[in-house]
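Basis for what follows: all heavy atoms, side chains included, without hydrogens, waters or symmetry-related copies. Whatever order the structure lists them in is the order used to number ligands and atoms, beginning at 1.
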Amino acid sequence: MIFSGLRYPIIQAPMAGGVSTAKLAIAVSKNGGLGFLAAGYKTSDVLETEIKACIEANVLFGVNLFVPSNEMYDEVALQTYKNQLEKDFPMTLPAPKWSDDEWFQKLDLVEKYKAPFVSFTFGCPEKQIIKRLQKIGCQIIVTVTNTEEAKIAYERAANAICVQGINAGGHRGTFQNTDSVNYEPLHELIIKVKNAVNMPIIAAGGIMTGQQIKMLLIAGASAVQLGTAFICCDESGTNKVYKQVLIEGHFTETELTRTFTGRLARGLSNDFMKKYKQQAPKAYPALHYMTQPIRQEAIKNENPQAMSLWAGTGFKMIQPLPVKDLLEKLVKEANL
Ligand SMILES: Cc1cc2nc3c(=O)[nH]c(=O)nc-3n(C[C@H](O)[C@H](O)[C@H](O)COP(=O)(O)O)c2cc1C
């Protein structure tokens, strides 16, 4: 069984953008869960250092890669949005660009170091890529948001799927950058996907308690993946203001937005999201690179209203604990 090497079927979600660290992944794996590294937006050199740290710590770990997009951008809408942002924020923004996020270099790295688990988001890699990694012992996980995507991952012989529900923090892992959103509650989605494909399922999205974990395992999941629950752990790389607003309850809601990156992602509903809701075009990862200086400046100025504060709907239950204590609490509640 794919997760038989784990003491507990609890996976720490990869969280690109600074939250995920090797320290976080190692702490999770050392305490019986499965820690994941987030390769997204990092250089392959930085990723390599993190992989080496996990190997030196002698723990099981996973690496998550973003599958490059092939979408066309509406250049006029992009330029209009850029002009508007440059008017509102006193800075020159970089020209929007496409990037494959060092896809091939990162694939080579997970192969070179034989990462025990490799997960993919924003698409399903071709069968030969999956096969190539499986041949050297990697377990392949593909993030899906509906049964159609699950069937593709099944046909391409992934080892497992991570079924991401509507309550999940961060980007929707849809294969296409789409406006259509699957609002099915997670446990219903798990049951539906389980009936459609015969493969291990990881449930993700809005999971904050052991009771939820128990319910999803009963619904048919083989493991659960939690992101938001780990954002405020001592071992995370989350910046000070991000942690502070989550713990102190400055924001009351989350919403899906494409204002920061051009792709739907769930985060704390702040001024930036509200102001640019109508204008932000569907253009990922172009907007990610274009809005990056605004977000970096916001972190410097400790201004949460212009930061991307990714979080799932369960964020009010976040507990700022060391990983060990959080896992112990979840395991006890779930009666694992
Ligand atoms: C801050 C943050 C960053 C994330 N970055 C990634 C990522 O790099 N790759 C990925 O596959 N999923 C990413 N996700 C989504 C998670 O894999 C997972 O679906 C989500 O955290 C589950 O919902 P929860 O946050 O309510 O637990 C991110 C989530 C958050 C909160």
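N270 and Q305 are not linked by any side-chain donor-acceptor pair at a separation below 3.5 angstrom, with hydrogens and angles left out of the test. Between the side chains of T145 and N182, not a single donor N or O lies within less than 3.5 Å of an accepting N or O.
Neither the backbone nor the side chain of F36 has any atom closer than 4.0 Å to an atom of ligand 1 (non-hydrogen atoms only). Under 4.0 angstrom from ligand 1, the non-hydrogen atoms of T228 come from both its backbone and its side chain.
Applying the 4.0 Å criterion to heavy atoms of F66 picks out, from ligand 1, the atoms 7 (C), 8 (O), 9 (N). For ligand 1, the atoms lying closer than 4.0 Å to a non-hydrogen atom of L226 are 27 (O). Proximity to G312 (heavy-atom distance under 4.0 Å) selects the following atoms of ligand 1: 26 (O). Interface atoms of ligand 1 facing Y242, defined by a heavy-atom separation under 4.0 Å, are 1 (C). For ligand 1 and T121, the ligand atoms under 4.0 Å from any heavy atom of the residue are 10 (C), 11 (O).
Given atom 19 (O) of ligand 1, the protein heavy atom at minimum distance is Q164 NE2, 3.1 Å. What sits closest to atom 26 (O) of ligand 1 on the protein, heavy atoms only, is G206 N, 2.7 Å. Atom 16 (C) of ligand 1 has A13 CB, 3.6 Å as its closest protein atom, hydrogens excluded (heavy atom only). What sits closest to atom 9 (N) of ligand 1 on the protein, heavy atoms only, is N64 OD1, 2.7 Å. In terms of protein heavy-atom proximity, atom 2 (C) of ligand 1 is closest to M15 CG, 3.5 Å. Here the protein heavy atom with the shortest distance to atom 14 (N) of ligand 1 is P14 O, 3.5 Å. The protein non-hydrogen atom at the shortest distance from atom 21 (O) of ligand 1 is G227 CA, 3.3 Å. With hydrogens left out, the protein atom closest to atom 31 (C) of ligand 1 is G169 C, 3.7 Å, a heavy atom.
With values rounded to the nearest 0.5 angstrom, I202 atom CD1 is found 13.0 Å from I10 atom CD1.
Ring orientation note: the planes of H288 and Y41 are close to parallel, at an angle under 30° on the 30°/60° scale. Ring pair F260/F272 is parallel by interplanar angle, where below 30° counts as parallel and above 60° as perpendicular.
Aromatic ring centres of H171 and Y284 lie closer together than 6.0 Å.
The number of heavy atoms from other shown groups lying within 6.0 Å of CG (N58) does not exceed 12. The 12-atom threshold is exceeded at NZ of K316, counting heavy atoms of other residues, nucleotides or ligands nearer than 6.0 Å.
For F230, the closest heavy-atom approach to ligand 1 does not fall below 4.0 Å. Ligand 1 lies nowhere less than 4.0 angstrom from a heavy atom belonging to G40. The shell of residues lying under 4.0 angstrom from ligand 1, judged by heavy atoms, excludes A229. Between G173 and ligand 1 there is no heavy-atom distance shorter than 4.0 Å.
Counting only heavy atoms from C-beta outward, the side chains of V331 and R7 never approach each other to under 4.5 Å.
I161 and V224 fall within a single hydrophobic cluster, where Ile, Leu, Val, Met, Phe, Trp and Tyr are joined by side-chain heavy atoms under 4.5 Å apart, directly or via other members. Side-chain heavy atoms closer than 4.5 Å link hydrophobic residues (I, L, V, M, F, W, Y) into clusters, and following such links, possibly through other members, connects L189 to M208.
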Verdict with supporting geometry, N64 and T121, side chain to side chain donor-acceptor pair (under 3.5 Å): CA-CA 7 Å; N64 172 256; T121 301; 3.1 Å; yes

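Below 3.5 Å of separation, one finds an N or O of Q225 facing an N or O of ligand 1.
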